[in-house]
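Read the numbers this way: they start at 1 and go in the same order the structure lists the ligands and their atoms.
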Amino acid sequence: MADAVNNPLPIVVLISGRGSNLQSIIDSVAAGDLPVEIRAVISNRPGVQGLQRASQAGIFTRVVDHSHYPDRAAFDKALQVAIDAYQPELVVLAGFMRILTPAFVHHYQGRMINIHPSLLPEFPGLNTHQRVLEAGRAVTGATIHFVTEEMDGGPAILQARVPVLAGDDAESLAARVLEQEHRMYPVVIRWYAEGRVRLDTERQVRFDDVPIKRPRQLDSEADAPC
Ligand code: GAR
């Protein structure tokens, strides 16, 4: 368990692009709200904005370019070596847009979390907001979950609900969901750092040692960020 001042939780953040969720984590750490040390930011794409954000914050960056590897297994092996060089206790996927091999996922079981812009298990995968609109949903949201072999499918930790408004297009909806996403990672990473959230051997999320049947909700009183 991390001690906020003396023993911050070491994390590595994986990105593929813009890095706005990464920025929310960086900002929370800088504000003294998050007892973590971001040891590195690793991208599978060179030249992306998230790498610039990390550099500006003085964080180590690495690129492990998936296009340089013959197959997923070889890429994931190289990625694992790159991550483990920083000895993180938690791996945070923040807009990391790669399907991961079972061997990689197994290596980080219970130590890797992902954010996805829907109320999982609904709408995993790409083009989420467009599909939500086409399905005529009145409510959407975002989910943070432990990563398992199933893409966007692991046990959920925290959700935020966002109304779909008349006149929304995929862009306006994505922007409103993203506002909530930016509040969510600092909350969940703090829970993890404080030892409050864990994946147990039955692959159940435990919160304060109690298995939770449903993900926690961002705006329930107890979960509101201070
Ligand atoms: C975020 O909306 C995140 O939820 C989504 O990509 C975006 C990354 O934005 N992730 C997925 O769809 C994963 N399946 P960011 O790079 O600005 O954080």
Does the side chain of [X] come under 3.5 Å of the side chain of [Y] through a donor N or O and an acceptor N or O?
X	Y	value
Asp27	Ser24	no
Arg53	Gln56	no
Asp76	Gln80	no
Asn44	Ser16	yes

Please state which protein non-hydrogen atom is closest to [atom] and give its distance, to 0.1 Å?
atom	answer
atom 14 (N) of ligand 1	His116 ND1, 3.0 Å
atom 15 (P) of ligand 1	Ser20 N, 3.4 Å
atom 5 (C) of ligand 1	Pro117 CD, 3.8 Å

Enumerated ligand 1 atoms positioned under 4.0 Å from heavy atoms of [X]:
X	value
Gly95	6 (O), 8 (C)
Ile115	4 (O), 10 (N), 11 (C), 13 (C)
Asp152	14 (N)

Requested in this report: Using distance alone, decide if ligand 1 has a nitrogen or oxygen within less than 3.5 Å of any nitrogen or oxygen in Gly19.
Outcome: yes
Query raised in the report: Taking distance alone, with no angle check, do Arg18 and ligand 1 share an N/O pair under 3.5 Å?
Result: yes
Query - Within reach of ligand 1, part of Glu181 (heavy-atom separation under 4.0 Å) - result: side chain
Query raised in the report: For ligand 1, which part of Leu178 has a heavy atom less than 4.0 Å away: the side chain, the backbone, both, or neither?
Result: side chain
Less than 4.0 Å is my threshold; does some heavy atom of [X] fall inside it relative to ligand 1?
X	result
Gln49	no
Ile15	no
Gly50	no

Report task. Return the set of residues passing side chain to side chain donor-acceptor pair (under 3.5 Å) with His182 (not counting sequence neighbours), or none when no residue passes. Result -> Ser20
Requested in this report: Only counting residues at least two apart or in another chain, list the ones meeting side chain to side chain donor-acceptor pair (under 3.5 Å) with Glu134.
Outcome: Gln130
Whether [X] engages the ring of [Y] as a cation-pi pair (distance to the six-membered ring centre under 6.0 angstrom, angle to the ring normal within 45°) should be assessed.
X	Y	answer
Arg98	Phe75	yes
Arg39	Phe60	no
Arg216	Trp191	yes

Query raised in the report: Quick one: which of Leu120, Asn21, Leu93 has a heavy atom closest to atom 18 (O) of ligand 1?
Result: Asn21
Report task. From atom 11 (C) of ligand 1, work out which of Met97, Met151, His129 has a heavy atom at the shortest distance. Result -> Met97
Requested in this report: Would you mind checking if Glu122 and Arg161 are paired as a salt bridge, meaning a charged N to carboxylate O distance below 4.0 Å?
Outcome: no
